[in-house]
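Data first, discussion second: the structure below is written as structure tokens.
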2 protein chains.
Amino acid sequence: MKFEAVTIKDIAKALGISTSTVSRALRDSYEISPETKQLVLDCAETLNYRPNPIALSLKERRSRSIGVVVCEIANSFFSQVINGIESIAYDKGYNVIISQSHESYEREMMDLHYLSSRSVDGLLISLSTETNDISHLQALHQKGLPIVMFDRISDEIQTHCVVADNFKGAYEATEHLIQRGYKKIAAIANSEFLSITTERLAGYKEALHTYGHKYNNAYVKHCFYGGMVFSEIEEAVNKLFTLKQRPDAIITTSDKLTTGCLKTLVRRGIRVPEDIALVGFSNSDLAELLNPPLTVLRQPAMEMGRDATELLLQLIESKRPITQFEKRVLSPELILGHSSVPQPDLQLIK
Amino acid sequence: MKFEAVTIKDIAKALGISTSTVSRALRDSYEISPETKQLVLDCAETLNYRPNPIALSLKERRSRSIGVVVCEIANSFFSQVINGIESIAYDKGYNVIISQSHESYEREMMDLHYLSSRSVDGLLISLSTETNDISHLQALHQKGLPIVMFDRISDEIQTHCVVADNFKGAYEATEHLIQRGYKKIAAIANSEFLSITTERLAGYKEALHTYGHKYNNAYVKHCFYGGMVFSEIEEAVNKLFTLKQRPDAIITTSDKLTTGCLKTLVRRGIRVPEDIALVGFSNSDLAELLNPPLTVLRQPAMEMGRDATELLLQLIESKRPITQFEKRVLSPELILGHSSVPQPDLQLIK
DNA sequence: TTTTTTTACGCAAACGTTCCCGATAACGAT
DNA sequence: ATCGTTATCGGGAACGTTTGCGTAAAAAAA
């Protein structure tokens, strides 16, 4: 069932020379005569020699692969991030090993353990919604594993980070709703553990404050599993709708929450934006095709992936330990749809 | 920048015994005394020993990793397949390396070369839309690399396959449109190279034939890049709309084509299903939220991934060469939306 | 007691590669 | 003739692990 790969030994044997010579010839060392080099190169060609990356990894003590931990691939934002990661890694000859936490802390730990046992050279991670304690990451980091965090970060680890300007995004989305005349703006957010939750809610609150709206705690609902469990969103929406002061707009803080919220509203027969407006973070390509076309905050996902990977490779390939860390903050983009247009205005559009 | 991992040598040195003893103790060999075993185990524990998988791979000549080649991760169908693949691989201790062809033949070749040089133990692949010649795959297969194909397969390679019942799916979708009263049903399909194209169009034609509709060649448009190039879809739609006998329904044969087609129609201000009906293959979770809610053919993606992985691991772990190959055919599911409901019926629904 | 068996461990090779040290030969300089 | 250079190559250790074989001591059988 196994096919025998051709090694430098085979070339050496075929040519009657030593493996060291073959190795050096292939690496174009100066101490090999041009003739021998050519001989080796030709022989390697005809035998279809491929260097064994595993032997190389063992020798050089690096695997030329990086680990990626995200909560879900089947999520527009993360799959776009991965595209960014891949594009850079591929160019630099690095292998990308992707694993999903499925928003589970336990699973994240397993992934991390798995990746480190696979001896990846570095790690890109966006924390799971359940993750509160990051001592497992700390441990890896202190052992010297280069780590770059993106999107859902933690400042308990001193390293490079790449995030969207969550505060600004949420601020602008809320401001947008206010300017459109909405008065009672609710928020459905992720787990309180997550950095994005804190930052986005802060932007939301700040916008309310700036425009003289007062913050209502009952208007903010948290979905611990970030929408992985659908009933969570249903419950959040239900609670908002049973308030005496029913909100007239909702802002959601992540992809899954946004589409999940819309799904709940649609299934309950609540009209958007006539009954309630909706604006949310989402990187779905289908936002404009939804009913109604959604006003979304789109993160520069691909770019985030690229940036994070560049920073990681920089960390990996640096000779001396790096102590100055960078936090890149990219701007999200507010893309207008119809889900945030109050009824009178809507007539004008249609 | 590198952290020194603890090896069996360290344990051996610490305990004053040989590495072979340590190795055997860790593997719970019968020829090691219980006391020594305990000693080694304890020592490994305190030193936080982790076996080096690279050294193991080199020794055992297997990497315990499988390669996956799909055209795009950011595609509901494929990300769901990957979830299925991952779930099985993870259980069996296999690593999954994902790479994307982005529907490019050249890129697929590079991916394959990369994966094989990475010495994966097996390969799961769904061909790119450009792929016409599969001699590169043949070569790998003949060298003994276990391969399982899924979704977009080729019967030029004798191996396990996992596919949806494309014929039946397309037949049922077309039948559905016919029964709803549509008379002029067009199809927007993928590259003619792809197995799914042939099979799905065959189902489409068969349904037309069964119900006495005659097949019109002008009603079938191919998108060579399967919707990766958006203009392709626009062009296909435009051509259909310039026909003297304008079609009253469209069936699309893949996820990207389905949503791309809807996007084109929406942007052109064409109403669905009032002006034209739409049914397509899609695994998007958002189908029901679209405007209009889409009637889709949903493939059992997760299950396909799981099945394919099981078959692959079976191939990999088999002692003797396998000559009997299996082709698993799973049923897609027709999920009704509003995009395939003629106008009068639509009144009733609303 | 002697012989055999069992128990418990070590030595060393192997996986494919790189690279530090030599080693050899040719050649010019002394 | 001797020496130092230079060019070109090979030997062998090393990366971390497993494993076949050998062997000492201990236990069991004779």
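Below, chain A is the first sequence line, B the second, and so on; all start at residue 1.
Of all non-hydrogen atoms in B/K143 and A/N48, the two that sit nearest each other are NZ-ND2, 4.4 Å. The two atoms that bring B/S128 and B/E108 nearest to each other are N-OE1, 2.7 Å, heavy atoms only.
Using a 4.5 Å heavy-atom cutoff, the side chains of B/I32 and B/T21 are in contact. Contact annotation: the side chain of A/L26 approaches that of A/Y49 to within less than 4.5 Å [non-hydrogen atoms, C-beta and beyond]. In this structure the side chain of A/S99 reaches within 4.5 angstrom of the side chain of B/E86, judged on heavy atoms.
Evaluation of the salt bridge (Lys or Arg N to Asp or Glu O under 4.0 Å) rule for A/E130 yields no partner, not counting sequence neighbours. B/N52 meets the side-chain contact (heavy atoms from CB on, under 4.5 Å) test with A/L58, B/I54, B/A55; sequence neighbours excluded.
Checking side-chain atoms of A/S23 against main-chain N and O of A/T19 turns up no donor-acceptor pair under 3.5 Å.
Using a 4.0 Å heavy-atom criterion, one finds that A/I54 contacts no nucleic acid atom at all. Note on B/S57: nothing from the nucleic acid sits closer than 4.0 angstrom, heavy atoms only.
Atom CD of A/E31 is separated from atom P of C/dA23 by 16 Å (rounded to the nearest Å). Summarising the geometry, the separation between CZ on A/R62 and P on C/dT18 is reported as 14 Å, rounded to the nearest angstrom. Straight-line distance from the CG atom of A/D28 to the P atom of C/dT18: 13 Å, rounded to whole Å. For B/L26 and C/dC9, the CG to C1' distance is 15 Å, given to the nearest whole Å. To the nearest angstrom, P of C/dC9 lies 13 Å from OH of B/Y30.
The overall bend of the helix from C/dT1-D/dA30 to C/dT30-D/dA1, read as the angle between its terminal helix axes built from five base pairs each, is 70° when rounded to 10 degrees.
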Dump the intermediate steps for side chain to side chain contact (heavy atoms under 4.5 Å, CB included) on B/F150 and B/L124, then the final yes or no. CA-CA 7 Å; B/F150 66 94; B/L124 293 170; 4.2 Å; yes
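Here salt bridge (charged side-chain N to carboxylate O under 4.0 Å, His left out) pairs that include residues 30-41 of chain B, with residues two or more places apart or in two chains, are B/R24-B/E31, B/D28-B/K37.
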Sequence-aligned protein contact record of nucleotides 11-17 of chain C, with B where the base is within under 4.0 Å of a protein heavy atom and S where only the sugar-phosphate is: BB-BBBB
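Taking 4.0 Å as the cutoff to heavy atoms of chain A, we find the contact window on DNA chain D bounded by D/dT8 to D/dG16.
Between B/R328 and B/E303 no salt bridge is recorded (no basic side-chain N to carboxylate O distance below 4.0 Å).
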